[in-house]
Amino acid sequence: TPDSAYAGDEVTVSGTADPEVWVTIKVLESSGSIVYLNSILSNSDGDYSDTFKIPDVLPGELRVVAGYGSNTIIVPITVTGGGGGDGDGDGSTSATPTYKAIVTRAGKTETTLPVNVNSNTGSAAVDMEALSDNVFDAEGTTVVTVPSIPGVNTYTLGIPAAIMSTSQGEGTLTFSTDTGSFTILSSMLSGISGAEGKKAGITIGQGNKSYLPDEVKAAIGDRPLIQLTLTLDGKQTDWSNPDAPVTISIPYTPTAAELSNSESIVIWYIDGNGKLVCVPNGHYDPGCMGEQSAKLTTSPATSAVRFTTTH
């Protein structure tokens, strides 16, 4: 890799690892945000190579991290300014960063899927259709990990509804983002009318507190508000299946007072009437990067589902 580059330049990362192992390549801004993520399989000699484009970031330093297992190397790259020769003459560029989600599955090699980013809406989406034949084909969990994307706070997993309408698979699917994560079963949409032949979208994102009643906003304060929605062919859809709960995990950093009594940290559900309902199975897990988690079995008719934490 070079010592310096312009936004929009292509940079090749190469090295030698153990033969036929998956090497993760990620590029981080100085803030720690991941601006590029990919996995490359080394060849029989251990050689690997990957090429990415320097995103349109402010001049400064990017860190290129390559590694597998406990083997990691970090190489800095100084971004010195706008694009080198593809701009409009003033040294600027409109290069679009490339993001990929890493998919890990039980008994299968790690792979990646493209992340489609809409900077205008602050949203990103990953389509699982290419892997839909074997998402739930084994005991264990398929995990889709989306990198942190600047300016994005809403993430959508696209998946054929048909593969979530069966009880034959015994595995689970986890969609992990920096906003939060959810884990679903293959039977999530079993018995839900109107799902046949449609594309499901499950979205997790930051909720909008401005639409909540004043007393609810006051109770939430500055704690996180997460919204979860289900769509079928783009239309928001109600869902209820007590036999296939969705597990939600939310990153949360308690205050000192909350941490001293962490058993009292709870998760609230906001129902269709804007009322706060305590989720009895919610709990705070400091050993899981300070996450709150709870199981959801239904969505109300008039609003999406939102979680928050309090003490």
Side-chain angles (χ1 to χ4, degrees), residues 106 128 132 135-144 155-177 179-205 207 212 216 220 224-252 263-285 288 291-310:
M128 287 291 292
S132 60
V135 171
F136 296 107
D137 66 347
E139 294 185 22
T141 299
T142 295
V143 180
V144 181
Y155 298 86
T156 299
L157 177 70
I159 187 169
I163 71 170
M164 296 192 297
S165 305
T166 175
S167 59
Q168 296 179 357
E170 298 182 10
T172 60
L173 171 61
T174 295
F175 187 59
S176 179
T177 77
T179 297
S181 65
F182 58 79
T183 299
I184 61 175
L185 303 175
S186 63
S187 56
M188 175 183 169
L189 297 182
S190 180
I192 305 299
S193 61
E196 298 81 5
K198 294 184 178 180
K199 184 69 164 292
I202 306 175
T203 299
I204 187 168
L212 299 176
V216 175
I220 294 174
L225 179 68
I226 301 300
Q227 177 171 308
L228 186 75
T229 59
L230 168 69
T231 61
L232 292 175
D233 283 352
K235 182 179 180 180
Q236 188 167 322
T237 304
D238 304 325
W239 163 79
S240 178
N241 189 348
D243 295 326
V246 176
T247 300
I248 311 296
S249 295
I250 307 166
Y252 182 62
E263 293 81 5
S264 297
I265 301 176
V266 298
I267 293 181
W268 283 339
Y269 160 80
I270 302 177
D271 67 15
N273 297 316
K275 302 296 183 181
L276 290 172
V277 180
C278 183
V279 181
N281 59 32
H283 66 278
Y284 172 70
D285 185 359
C288 201
E291 287 190 340
Q292 286 273 71
S293 65
K295 289 188 177 180
L296 167 69
T297 60
T298 185
S299 64
T302 56
S303 74
V305 179
R306 299 179 176 92
F307 291 91
T308 187
T309 51
T310 187

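This is a predicted model, so every value here is computed, not measured.
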Is Ile202 close to Val246 at the side-chain level, that is, under 4.5 Å between some pair of heavy atoms?
no
Asn241 (side chain) donor-acceptor with Leu189 (main chain) under 3.5 angstrom:
no
Taken in chain and number order and not counting sequence neighbours, the residues that satisfy side chain to side chain donor-acceptor pair (under 3.5 Å) with Thr203 are Thr156
Taking all atoms of both residues into account, what is the closest heavy-atom pair of Ala200 and Met164, and its distance?
CB-CE, 3.5 Å
Set of side chain to side chain donor-acceptor pair (under 3.5 Å) partners for Thr179, sequence neighbours left out
none
Pick out which of Thr247, Thr142, Thr183 makes a side-chain hydrogen bond (donor to acceptor under 3.5 Å, both in side chains) with Thr174.
Thr183
How many angstroms lie between CD1 in Ile159 and CE in Met128, if you round to the nearest 0.5 Å?
5.5 Å
To the nearest 0.5 Å, tell me how far Leu185 CG sits from Asp243 CG.
10.0 Å
Atom OH in Tyr155, atom OG in Ser176: separation rounded to 0.5 Å?
10.0 Å
Between Thr237 and Lys235 (side chain of the first, backbone of the second, donor and acceptor by atom type, cut-off under 3.5 Å), is there such a pair?
yes
Taking every heavy atom of Ala161 against every heavy atom of Ala195, the minimum-distance pair comes out as CB-O, 3.4 Å
Can you measure from CH2 (Trp239) to CG (Leu232) and round to the nearest 0.5 angstrom?
12.5 Å
Test of understanding: with ring pair (Phe, Tyr, Trp, His ring centres under 6.0 Å), list the residues that count as partners of Phe175, not counting sequence neighbours.
Phe182
